[in-house]
Amino acid sequence: MKFSFIFASMFCFFAIVFGSICTAQKDEGPVGIFNSQSEYREFMGAVKQAAYRDGGSSELQALVPMLNDIALNKPVGWTASEYEADGSTLGMLADADVRSDLEMLDDQYEQLQDLNAEIQKRAAEQIRGLDFSDRENLISQIQSIRESATNDLNDVLLPHQVERLK
């Protein structure tokens with residue numbers, strides 16, 4: 001009886017110590033636009049709660065992948081492509097077959113890659129200031145970020161390319 005108590009106590013001690021070490025290591029260093037894994041998790045937790053909790057909206061749910069991409073500093077559409085879902089317009093343009101179908105010039109694609117980096121930086125600054133407690137305003141703020149990116153994209157593409165892409 002004493003042996004099993006001592007063994008169980010030692011097991012718990014090592015589990016707690018080892019778990020603490022592993023958790024501490026996972027939170028080291030920046031993640032995407034955040035200073036730590038815990039900041040990223042806190043942000044995405046707030047996004048998901050606002051999107052899926054009681055009173056959440058399908059509009060906000062549709063924007064979760066885009067926000068995750070921005071938070072991780074990945075090209076918009078990356079999260080969707082990882083889960084084989086519909087990606088973003090910029091994500092679709094990464095496909096050489098799509099660019100060929102649009103008759104996109106290499107210079108245009110280079111412009112779009114530069115633009116994507118600029119959009120990511122601008123959007124990252126904007127999402128840090130989002131207020132998740134105000135869901136109505138939150139959706140309009142996120143849609144504004146998305147519309148701004150779409151407008152920038154439309155400035156690079158020719159009208160017939162925009163239509164074909166749609």
Side-chain angles (χ1 to χ4, degrees), residues 22-96 98-99 102 104-159 161-166:
C22 290
T23 303
Q25 289 176 348
K26 286 183 182 179
D27 202 38
E28 289 180 11
V31 174
I33 65 170
F34 297 100
N35 294 323
S36 67
Q37 180 76 20
S38 61
E39 282 183 28
Y40 164 73
R41 285 187 190 140
E42 184 179 324
F43 172 79
M44 286 309 298
V47 168
K48 291 174 183 175
Q49 284 184 357
Y52 295 101
R53 246 181 30 193
D54 295 337
S57 75
S58 58
E59 284 180 293
L60 187 53
Q61 291 168 13
L63 298 172
V64 170
M66 179 191 78
L67 291 171
N68 189 59
D69 293 341
I70 294 167
L72 291 175
N73 205 20
K74 299 284 186 180
V76 175
W78 179 82
T79 299
S81 67
E82 286 293 302
Y83 295 98
E84 298 179 6
D86 291 335
S88 71
T89 303
L90 285 170
M92 288 180 7
L93 292 172
D95 186 333
V98 171
R99 292 194 309 272
L102 294 174
M104 182 180 281
L105 302 174
D106 290 339
D107 289 346
Q108 280 181 302
Y109 185 59
E110 287 175 22
Q111 277 183 295
L112 286 173
Q113 289 176 314
D114 293 340
L115 178 64
N116 190 38
E118 183 182 314
I119 289 170
Q120 288 287 93
K121 184 177 178 180
R122 184 178 62 221
E125 292 170 8
Q126 292 171 327
I127 69 168
R128 285 179 180 264
L130 294 176
D131 178 11
F132 291 98
S133 63
D134 182 5
R135 290 187 188 157
E136 293 267 331
N137 194 29
L138 177 64
I139 293 170
S140 66
Q141 288 176 340
I142 295 169
Q143 286 174 336
S144 174
I145 294 169
R146 178 193 252 175
E147 287 171 13
S148 176
T150 300
N151 290 339
D152 289 343
L153 175 69
N154 291 343
D155 288 344
V156 174
L157 296 176
L158 299 171
Q161 292 171 321
V162 172
E163 275 305 307
R164 179 68 182 129
L165 192 56
K166 287 179 184 177

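Heads up: numbering here begins at 1 and tracks the sequence. These numbers come from a predicted model, not from an experiment.
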Taking the side chain as every heavy atom from C-beta outward, state whether [X] and [Y] have any pair of such atoms under 4.5 Å apart.
X: Q161; Y: V156; result: no
X: V162; Y: L153; result: no
X: M66; Y: I142; result: yes
X: D131; Y: N137; result: no
X: N73; Y: Q120; result: yes
X: Y109; Y: Q113; result: yes

How many angstroms lie between atom [atom1] of [X] and atom [atom2] of [Y], to the nearest 0.5 angstrom?
X: L138; Y: I127; atom1: CG; atom2: CD1; result: 11.0 Å
X: R164; Y: M104; atom1: CZ; atom2: CE; result: 12.5 Å
X: I119; Y: R146; atom1: CD1; atom2: CZ; result: 12.5 Å
X: L67; Y: L72; atom1: CG; atom2: CG; result: 11.0 Å
X: L60; Y: I139; atom1: CG; atom2: CD1; result: 5.0 Å
X: Q141; Y: I145; atom1: CD; atom2: CD1; result: 7.5 Å

Please find the pair of heavy atoms, one from [X] and one from [Y], that lie closest to each other, and give the distance.
X: V64; Y: A51; result: CG2-CB, 3.9 Å
X: A123; Y: I70; result: CB-CD1, 3.5 Å
X: S38; Y: S36; result: OG-OG, 3.0 Å

Note to self: Between R122 and D152, is the side chain to side chain contact (heavy atoms under 4.5 Å, CB included) condition met? List the steps.
What the structure shows: CA-CA 12 Å; R122 184 178 62 221; D152 289 343; 2.7 Å; yes
Check: Should K74 and N68 be marked as a side chain to side chain contact (heavy atoms under 4.5 Å, CB included) after you check the CA-CA gap, both sets of side-chain angles, and the distance that decides it?
Finding: CA-CA 8 Å; K74 299 284 186 180; N68 189 59; over 6 Å; no
Margin query: Heavy-atom count check: over 12 atoms from other residues, nucleotides or ligands less than 6.0 Å from E42 CD?
Written below: no
Next item on the list: Answer yes or no: does atom CG of D106 have more than 12 heavy-atom neighbours from other residues, nucleotides or ligands under 6.0 Å?
Entry: no
